[in-house]
Amino acid sequence: MAHGAAAGHGAHAHGEHDHHPTGWKRWVYSTNHKDIGTMYIVLSMIAALLGGLMSWYIRLELAEPGIQFIEDTQFYNVLVTAHGFLMVFFVVMPAMIGGFGNWFVPLMVGAPDMAFPRMNNISFWLTAAGLVLLVMSAFVGGGPGTGWTVYPPLSSIAYHPDAAVDFGILALHVAGAGSILGAINFIVTILNMRSPGMTMHRMPLFAWSILITAFLLLLALPVLAGALTMLLTDRNFGTHFYDPAGGGDPLLWQHLFWFFGHPEVYIIILPAFGIVSQLVSTFSRKPVFGYLGMAYAMSAIGVVGFIVWAHHMYTTGLGVNARAYFTTATLIIAVPTGIKIFSWLATMWGGSIDFKAPMLYAIGFIFLFVVGGVTGVALANAGIDFALHDTYYVVAHFHYVMAIAAIFAMFGGYYYWVGKMTGRQYNEGLAKAQFWLFFIGVNLLFFPQHFLGLAGMPRRIPDYPDVYAGWNMVSSFGALLTMLGTFMFYFIVFHTMRSGKPAEANPWGEGATTLEWTVPSPAPFHTHEVQPVISAGDHGNGGHGHGAHPRPAE
Amino acid sequence: MPGAQARGINRTTLTAVVLFAVVVAMGGLAFASVPLYRLFCQVTGFAGTPKTGAYVGTASAGAGAAGEVTVRFDANVNSQLPWQFQPVERQVVVRPGEEVLIHYRAHNLADHPITGTATFNVTPFKAAQYFNKIECFCFTEQTLKPGEDVSMPVVFYVDPQLFEDPNTAEVRNITLSYTFFPVETQAQQPSAGEKAL
């Protein structure tokens with residue numbers, strides 16, 4: 001599309017189908033949305049291994065009271081910090097937005113590629129550079145032991161005198177710039193490059209979720225960048241944005257960070273909503289129930305997500321009126337979220353459900369998300385939060401509602417789309433076994449942490465009194481099962497690549513109605529070069545409503 | 001492809017430019033939040049920022065009936081600043097609307113002149129909007145010669161509105177707290193009003 005003008009140097013050979021650069025140039029110089037999407041997924045799998053190993057090491061230390069493995073407590077802090085950063089910025093975001101988003105948004109809306117393919121390349125390599133910087137930060141001085149929230153004064157030069165925090169700040173700056181460019185790319189693509197007849201209200205819900213996520217990124221990440229810049233100048237150039245000695249205020253950081261941080265959790269979970277909507281619809285062989293309600297519920301979650309940030313700060317001395325407001329606003333989010341849950345259930349209701357591995361993961365997602373959502377409603381109340389703030393109850397809550405839920409959507413998305421991406425289908429029996437292992441593992445891992453939190457066990461501390469020993473051992477055993485489930489997933493990825501059966505263009509049958517199933521598997525290097533024309537289809541049910549009518553001229 | 005492009009490029013570029021503008025605006029907002037937040041705190045007394053300026057109401061009206069408030073004084077010194085700093089009176093009982101003069105004492109223990117500046121706040125936070133300072137050493141930077149011992153006056157009053165607001169009607173104790181920090185660049189002249197939060 002728009003990049004056609006840039007093809008002046010003659011290296012491009014448009015028109016020749018599937019002609020593409022080879023060797024390292026294909027990847028490093030890539031402007032192809034599918035190749036870039038693949039690279040994002042690979043990056044995410046590498047970062048997930050790093051972040052996962054850290055969390056298992058943490059659980060190993062926490063299995064029993066006392067200090068067994070991690071004698072340097074700053075190193076424990078570094079592990080907790082790096083685990084959070086890696087999982088949020090370099091696992092979930094790259095996989096869902098950069099990976100599946102890049103692969104399937106253009107395919108689903110009938111666009112030949114992203115609007116700015118070279119910018120797409122920059123987005124990826126900035127993210128990769130961010131990952132390298134973050135890993136480097138752990139080896140500078142004592143490493144950054146600030147937690148992913150980087151609160152001053154702990155993150156100030158007085159308590160982290162070496163350059164570790166500066167490396168971390170730079171990592172987030174660079175990765176954030178990559179995400180902002182990616183967000184702009186998605187918005188422009190979705191607004192301007194849809195196929196004829198693919199109206200906004202016929203767009204699949206996954207494309208909707210990426211569109212809304214991109215807007216959240218656009219509004220939230222610049223605020224983080226600003227806050228990080230102030231922290232950087234406070235640390236290195238003698239400013240006092242967060243230092244009361246010069247008239248600053250450490251609370252300013254918390255306000256700015258959570259103004260970014262709360263939308264960030266929706267940035268993580270909205271694409272998961274999109275994926276799960278596709279999965280539930282496909283495997284129930286029904287259009288999504290209440291398509292428009294689903295799309296606008298996601299929009300509402302995005303909007304309200306920007307005005308609830310201080311519910312992370314109830315214990316900082318907010319006035320009673322501010323607490324009342326933030327409690328109310330936070331509870332309101334349960335309404336659009338409820339719309340989504342019930343619409344998924346209604347989609348399944350009366351459907352001809354096929355319990356393939358992706359569907360198991362979709363149902364698992366709904367279960368985990370509801371458990372985490374219920375504890376979220378509890379924590380939203382300022383009065384309750386005063387008791388539970390910074391306990392393991394919070395850890396259990398956010399791992400259920402966004403961390404593990406997002407991973408379930410990613411696993412589901414992988415099994416759903418791997419045939420389209422690689423041309424090879426996964427082994428159903430292995431995938432189902434992996435699901436059950438992982439599902440039991442994560443619940444055993446995180447559910448007991450509710451009990452620990454209610455009993456008052458604080459977060460971010462490598463040791464605890466003997467009274468907490470029992471459930472911590474259960475939790476660590478769950479972590480072991482989760483680890484086995486994760487390694488089994490990596491094995492399935494390898495097994496699929498090596499000996500998976502060839503995938504059909506549409507392995508899922510009549511339920512899979514979105515445009516990516518109209519192109520061959522694996523998807524050719526160039527798709528939708530002639531844009532498919534979408535007709536009204538089996539009218540009135542939007543997302544999947546364009547039906548299987550379009551046959552793109554491949 | 002080329003046929004469809006002429007229109008597409010313009011629209012695509014336009015969208016991208018608008019989105020970049022949004023990014024710049026949000027980044028700017030992060031920095032603008034510093035003065036905006038300060039302004040907001042000054043206007044509303046949010047987060048324990050006491051108000052400043054002279055009392056405009058009538059001091060006597062209704063004040064006797066409303067009762068009295070105990071104002072306590074708290075003093076802290078940053079560990080980098082070799083000063084002794086404490087209030088002369090630990091607490092005073094004031095009637096609402098009454099202008100009160102109290103003193104802190106500061107003593108420079110070092111053998112060289114040092115400039116310090118004080119931050120302040122009022123607890124409970126919700127009472128801050130009714131606590132007004134007319135004159136305060138904390139409005140300017142203070143330089144003490146070696147061994148110098150000075151008296152630092154504060155003039156304040158408690159707004160009678162404190163008793164009318166259902167949120168603060170039960171408040172009978174207010175703590176005014178100061179923390180002195182060294183001013184890092186000693187060469188810099190104390191600029192009056194700069195730190196007048």
Side-chain angles (χ1 to χ4, degrees), chain A residues 1-5 7 14-15 112 115-116 119 177 180-181 183-193 196 214-215 217-230 238 240-249 251-252 255-256 259-260 316-322 529-531, chain B residues 1-2 4-34 37-38 41 44-49 78 80-81 116-121 123-126 128-129 167-168 179-185 194-197:
Chain A
M1 284 296 279
H3 65 290
H14 282 286
F116 304 107
M119 197 163 89
I180 288 174
L181 294 178
I184 290 172
N185 221 337
F186 278 116
I187 296 173
V188 175
T189 306
I190 292 174
L191 291 186
N192 293 332
M193 290 173 58
F215 271 108
L217 283 166
L218 205 66
L219 294 170
L221 277 174
V223 176
L224 175 70
L228 285 170
T229 306
M230 291 182 223
H240 297 97
F241 287 104
Y242 307 124
D243 182 3
D249 189 346
L251 271 185
L252 172 67
H255 280 291
L256 290 177
F259 184 83
F260 147 81
T316 58
L318 291 182
V320 71
N321 286 334
E529 285 170 302
V530 177
Q531 293 198 300
Chain B
M1 279 179 74
Q5 290 318 302
R7 194 170 48 91
I9 287 174
N10 288 334
R11 205 174 140 202
T12 302
T13 313
L14 181 69
T15 315
V17 167
V18 170
L19 296 176
F20 271 112
V22 170
V23 171
V24 173
M26 289 307 291
L29 196 64
F31 286 92
S33 68
V34 177
Y37 183 69
R38 181 163 300 165
C41 290
T44 61
F46 191 73
T49 313
N78 181 277
Q80 305 298 314
L81 185 67
T117 182
T119 62
F120 51 88
N121 86 338
T123 37
F125 286 173
K126 61 186 181 182
Q129 56 180 319
N167 230 344
T168 54
T179 305
F180 252 108
F181 292 94
V183 174
E184 279 166 18
T185 45
E194 195 196 40
K195 291 289 181 238
L197 202 74

### Task
Work out which heavy atom in T12(B) is nearest to a heavy atom in A115(A); give both atom names and the distance.
CG2-CB, 4.1 Å
### Message
Under the side-chain hydrogen bond (donor to acceptor under 3.5 Å, both in side chains) definition, can you give me all pairs with a residue in residues 221-230 of chain A, not counting sequence neighbours?
### Response
H173(A)-T229(A)
### Message
Counting only non-hydrogen atoms closer than 4.5 Å, does L252(A) touch chain B with its backbone (N, CA, C, O), its side chain (CB onward), both, or neither?
### Response
side chain
### Summary
In short, F125(B) meets G317(A) closest at the heavy-atom pair CD1-O, 3.2 Å
### Query
Which answer fits F180(B), side chain, backbone, both or neither, if we ask what part of it has an atom under 4.5 Å from a heavy atom of chain A?
neither
### Message
Is L218(A) in contact with chain B via its backbone, its side chain, both, or neither, using a 4.5 Å heavy-atom distance?
### Response
both
### Summary
Whatever's closer than 4.5 Å to a heavy atom in chain B on I180(A) counts as side chain
### Query
What's the spacing between I187(A) CD1 and L19(B) CG if we round to 0.5 Å?
4.5 Å
### Message
Need one label for F215(A): side chain, backbone, both or neither, based on atoms under 4.5 Å from any heavy atom in chain B.
### Response
side chain
### Task
Indicate the atoms forming the closest heavy-atom contact of A16(B) with F116(A), along with that distance.
CB-CZ, 3.6 Å
### Summary
Between the CG atom in L14(B) and the CG atom in N192(A), the distance rounded to the nearest 0.5 Å is 8.5 Å
### Query
What's the verdict on side-chain contact (heavy atoms from CB on, under 4.5 Å) for L219(A) and V22(B), showing C-alpha distance, side-chain angles and the deciding distance?
CA-CA 7 Å; L219(A) 294 170; V22(B) 170; 3.6 Å; yes
### Query
Heavy-atom distance under 4.5 Å to chain B: side chain of L181(A), backbone, both or neither?
side chain
## Note on the structure
What one should report as the nearest heavy-atom pair of L191(A) and R11(B) is O-NH2, 3.3 Å
### Message
Heavy-atom pairs under 4.5 Å with chain A: which of S33(B), G28(B), A30(B), G116(B) has the most?
### Response
A30(B)
### Query
How long is the span from the CG atom in L221(A) to the CE atom in M26(B), to the nearest 0.5 Å?
10.5 Å
### Message
I need the N167(B) CG to N321(A) CG distance, nearest 0.5 Å.
### Response
5.0 Å
